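Working notes for the structure below.
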Amino acid sequence: MLTAPSRPHDPLVSRVLASFLLLTACSSIGRDTNIVDPEPLQAEPTKTAEEPSTPAVRTYPAPPGPEDPRPTNFPDLQKFELGNRLQVVVVESHDVPLVDVQLVLNVGDIHDELLAATTANLLTRGTTKRNKTEMDEQLARLGSSLAVSFGTHETTVSTVVLKPHLSEALELVGDVARNPRFEAELVDALREQQASALRQAKSSAHALGNTLLFMKLYPEGHPYGRTFIREEELEALGVQALEEFHELWYRPNNARLILSGAITLEEAKTIARKIFDDWKPRKEEFPPYPLKRFASADYQEALPSKYTIHIVDRPSASTEVLIGNLALARDDSNWEKMEIVNRIFGAGPQSRIFVDGGLRPPPSFERERANGPREHSASDAALRLILESSRASAPSTCHDTRSTIGDPGSASKRFSCDLWDLRDNRRSTHHVGSRVTRAKAVGAFHVATQTNEVDVVLESVFEQIDRIHGKLPPSVEPEVAEATIGRDPSEAEFERALREIVQALTLQIETASQVAQRVRTQLTFGLPDTYWRTYPDRLDAMQREEVKEIAKRYIHPIPVIVLVGEAQAIKQQLARVDRLRTADILVYDTNLEPMP
């Protein structure tokens with residue numbers, strides 16, 4: 001067993017920890033006169049006037065640098081099609097005697113959220129051949145499990161099984177997908193579960209914010225921008241609608257089978273034909289794909305031309321903040337460049353909005369300096385001392401932007417200083433991040449966080465967006481601004497983002513199941529067969545200037561802004577954000593209906 005290396009004894013940290021534990025104990029025990037005080041610590045010798053009072057500085061060796069990325073050896077895909085047009089993809093990997101099975105149906109939320117979700121849930125409740133107990137017993141004998149998942153575009157039935165049991169497990173997967181039991185009692189139970197899930201979603205700030213954000217990002221009626229399921233839709237849900245939905249979409253010519261692991265192409269052909277050859281395809285054309293109703297012009301018209309604030313009014317201890325805009329589809333040729341942009345901007349603890357660049361002191365910092373610091377608890381005070389002991393050697397120019405901006409060699413110094421500023425001086429959020437949604441149509445770039453200081457967080461994100469578009473706050477000196485914009489992103493940021501993405505990929509294709517997930521992504525979004533094999537080469541050929549231009553193109557200067565919390569308190573904080581003084585403010589209830 002590996003153990004963590006022990007740390008050398010540090011008297012200062014030990015004393016602080018002892019003080020912290022004592023303070024915590026006292027606050028919980030109260031003023032009990034029967035409690036015996038602990039023996040006082042040995043007093044340290046008093047320094048004479050001649051002795052300089054210099055704090056003890058602890059030095060640490062520099063951490064080792066990152067290793068070179070390991071080569072990415074993504075296996076070849078082998079494909080064939082059955083007579084009923086079921087597509088089969090085989091990925092061989094004989095390291096362990098396991099096979100990952102994924103039967104993917106091309107039906108999901110975009111077709112009908114309620115029917116897709118309920119049908120998927122019914123698949124694990126038994127089939128016309130086996131009840132649920134018999135299914136569970138069979139899976140236990142196989143030493144396996146079976147999962148059904150559904151999402152925006154697809155529904156998947158999957159399992160991982162030892163190769164000797166593959167035929168039996170694959171037959172069970174086929175039975176679950178083809179022969180679900182549509183019984184009134186099961187549908188009634190699922191209807192109650194859906195109603196409970198709906199109530200829970202409407203009480204969740206995260207669910208409310210995400211739903212409203214995508215409603216406002218996309219054109220009206222778009223499948224990516226639907227509101228919550230209505231209660232009357234739940235009440236009307238019946239067996240007949242579910243049977244018709246299953247009959248329409250659960251067909252071999254609307255599906256693909258992915259077999260990844262210890263299996264050859266010939267073995268896959270034999271077993272797939274044995275299990276699925278009698279699955280009847282749909283002879284008629286499938287209904288038009290829901291996303292085809294929308295053209296490029298529709299997405300362009302959905303982009304806001306002025307700031308509009310959308311507030312969901314609900315009691316809350318903090319405010320959910322979401323800021324986003326439409327960006328690009330997953331199969332866009334610029335996707336990898338946008339991944340780099342997102343990694344630099346907001347993905348991870350070294351990203352800009354997490355570190356928060358430190359281009360100028362935030363409003364909260366100025367308010368604290370004018371009104372005095374916030375009150376801190378005993379645990380805050382102890383933690384402050386511990387952290388200060390670890391940063392005793394930090395440079396005195398911690399908040400001097402001239403010493404760090406545009407200096408690739410100072411990335412770690414800038415990170416430690418600004419992280420302290422974000423967590424302690426700003427105290428505005430514990431976590432903030434961005435992501436780009438994977439979509440067949442145009443996806444979204446958005447930032448999400450929770451905060452008690454909406455104005456601070458919005459100003460910080462706006463400054464980072466402005467920086468992408470070549471604008472810095474007036475308080476930044478002209479020569480600093482010019483150097484920053486001219487070297488933005490820095491080589492250090494660019495190289496770090498590239499390295500992190502490539503290294504992550506090598507760790508995400510180690511098992512048959514991980515490879516199957518990558519293959520599924522490739523097939524879902526229509527990516528080339530060589531996509532993952534050539535992925536590192538495309539990243540390696542990328543230039544910093546390309547990333548800069550992609551950031552300007554896909555991070556818009558006027559985003560959609562959604563806030564979930566107490567509307568009156570939020571409005572008071574918004575009044576402190578200069579650029580939002582003339583913004584429209586729209587308020588919604590927890591059904592996401594507009595309020596007067």
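Reckoned from all heavy atoms, side chains included, excluding hydrogens, waters and symmetry mates. Remember, it's a predicted structure, so these values are computed and weren't measured experimentally. Start at 1 with the first residue, then count along the sequence.
For Glu137, the side-chain contact (heavy atoms from CB on, under 4.5 Å) criterion is met by Thr133, Arg141, not counting sequence neighbours. Residues forming a side-chain contact (heavy atoms from CB on, under 4.5 Å) with Glu243 (at least two apart in sequence, or on another chain): Phe182, Val239. Applying the salt bridge (Lys or Arg N to Asp or Glu O under 4.0 Å) test to Glu266 and every residue at least two apart in sequence or in another chain returns Lys269.
The heavy-atom pair separating Val447 from Ser434 by the smallest distance is CG2-CB, 3.9 Å. The heavy-atom pair separating Val515 from Pro75 by the smallest distance is CG1-CG, 3.9 Å. Looking at every heavy atom in both residues, Ala207 comes nearest to Ala201 through CB-O, 3.5 Å. When all heavy atoms of Ala497 and Arg343 are compared, the pair lying nearest together is CB-CG, 3.5 Å. Annotation for Pro287 and Leu248: closest pair CD-CD1, 3.8 Å, computed over non-hydrogen atoms. Across all non-hydrogen atoms, the minimal contact from Val560 to Pro304 is CG2-CG, 4.1 Å.
For Ser204 (side chain) and Gln200 (main-chain N/O), no donor-acceptor pair under 3.5 Å exists by modelled atom type. Asn84 places no side-chain N or O within donor-acceptor distance of the main-chain N or O of Pro281, the cut-off being under 3.5 Å. Side-chain atoms of Arg273 do not come within 3.5 Å of backbone N or O of Leu82 as any donor-acceptor pair. A distance-only check finds no donor-acceptor pair linking the side chain of Glu168 to the backbone of His165 [under 3.5 Å]. When atom types are taken as modelled, the side chain of Thr159 and the backbone of Ser145 share a donor-acceptor pair closer than 3.5 angstrom. Between the side chain of Thr511 and the backbone N or O of Gln514, at least one donor-acceptor pair lies under 3.5 Å. Remark: the backbone N or O of Ala512 is paired with a side-chain donor or acceptor of Ser260 at under 3.5 angstrom. Side-chain atoms of Glu301 do not come within 3.5 Å of backbone N or O of Asp298 as any donor-acceptor pair. With hydrogens and angles ignored, the 3.5 Å screen pairs no side-chain donor or acceptor of Arg330 with any backbone N or O of Lys440. Between the side chain of His206 and the backbone N or O of Glu320, no donor-acceptor pair lies under 3.5 Å.
A 4.5 Å side-chain heavy-atom check between Arg553 and Asn334 finds at least one atom pair inside the cut-off. Using a 4.5 Å cut-off on side-chain heavy atoms (C-beta onward), Trp249 and Leu115 make no contact. Side-chain contact between Trp532 and Val519: absent, with no pair of heavy atoms (C-beta onward) separated by less than 4.5 Å. Counting only heavy atoms from C-beta outward, the side chains of Leu98 and Leu162 approach each other to under 4.5 Å. Using a 4.5 Å cut-off on side-chain heavy atoms (C-beta onward), Gln78 and Thr264 make no contact. Side-chain contact between Ile468 and Lys552 is present, with at least one heavy-atom pair separated by less than 4.5 Å. No side-chain heavy atom of Leu170 sits under 4.5 Å from any side-chain heavy atom of Val161. Inter-residue side-chain proximity for Val312 and Leu563 is flagged as unmet; no heavy-atom pair is nearer than 4.5 Å.
We find that Arg352 and Glu493 are joined by a salt bridge, their nearest charged nitrogen and carboxylate oxygen being less than 4.0 Å apart.
Here the CD-CG distance, from Gln450 to Leu322, works out to 9.5 Å after rounding to the nearest 0.5 Å. To the nearest 0.5 angstrom, Asn131 atom CG is 6.0 Å from Arg181 atom CZ. The distance from atom CD1 of Ile501 to atom CD of Glu339, rounded to the nearest 0.5 Å, is 5.0 Å. One finds the CG atom of Leu328 at 8.5 Å from the OG atom of Ser333 (value rounded to the nearest 0.5 Å). Arg191 CZ to Leu114 CG: the interatomic distance, rounded to the nearest 0.5 Å, is 9.5 Å. For the atom pair CG (Leu257) and CD1 (Ile275), the distance works out to 10.0 Å, reported to the nearest 0.5 Å.
Counting only residues at least two apart or on different chains, the side-chain hydrogen bond (donor to acceptor under 3.5 Å, both in side chains) pairs with a member in residues 110-123 are Thr118-Gln194. Residue pairs meeting the side-chain hydrogen bond (donor to acceptor under 3.5 Å, both in side chains) criterion with at least one member in residues 220-230, sequence neighbours excluded, are His153-Tyr224, His222-Tyr299, Arg230-Glu232. Each salt bridge (Lys or Arg N to Asp or Glu O under 4.0 Å) pair with one or both residues in residues 143-166, not counting sequence neighbours, appears once here: Glu154-Arg256, Glu154-Arg520, Lys163-Glu267.
Checked by atom type, the side-chain pair Thr534/Arg538 shows a donor-acceptor distance below 3.5 Å.
A side chain to side chain contact (heavy atoms under 4.5 Å, CB included) with Ile271 is found for exactly one of Leu166, Val88, Val99, namely Leu166. With Arg438 as the partner, the side chain to side chain donor-acceptor pair (under 3.5 Å) test is satisfied by one option alone out of Thr524, Thr521, Asp331: Thr521.
For the pair Arg467 and Phe345, the cation does not sit on the ring face, since its NZ or CZ is not both under 6.0 Å from the ring centre and inside 45° of the axis.
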Step-by-step side-chain contact (heavy atoms from CB on, under 4.5 Å) determination, Lys129 to Glu171: CA-CA 11 Å; Lys129 296 181 180 180; Glu171 191 275 329; 4.1 Å; yes
Residue pair Asp529, Gln522: steps toward the side-chain contact (heavy atoms from CB on, under 4.5 Å) verdict: CA-CA 8 Å; Asp529 286 352; Gln522 178 177 314; 3.7 Å; yes
Verdict with reasoning, Gln87 to Lys79, per side-chain contact (heavy atoms from CB on, under 4.5 Å): CA-CA 7 Å; Gln87 299 176 2; Lys79 299 180 180 180; over 6 Å; no
Working for side-chain contact (heavy atoms from CB on, under 4.5 Å), residues Val107 and Phe150: CA-CA 8 Å; Val107 58; Phe150 71 97; over 6 Å; no
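Using cut-offs of 30° and 60° for the angle between ring planes, the Tyr250 and His246 rings count as parallel.
Taking a 6.0 Å sphere around CZ of Arg533, one finds it holds more than 12 heavy atoms contributed by other residues, nucleotides or ligands. Sparse packing is recorded around CD of Gln300, with 12 or fewer heavy atoms of other residues, nucleotides or ligands lying under 6.0 Å away.
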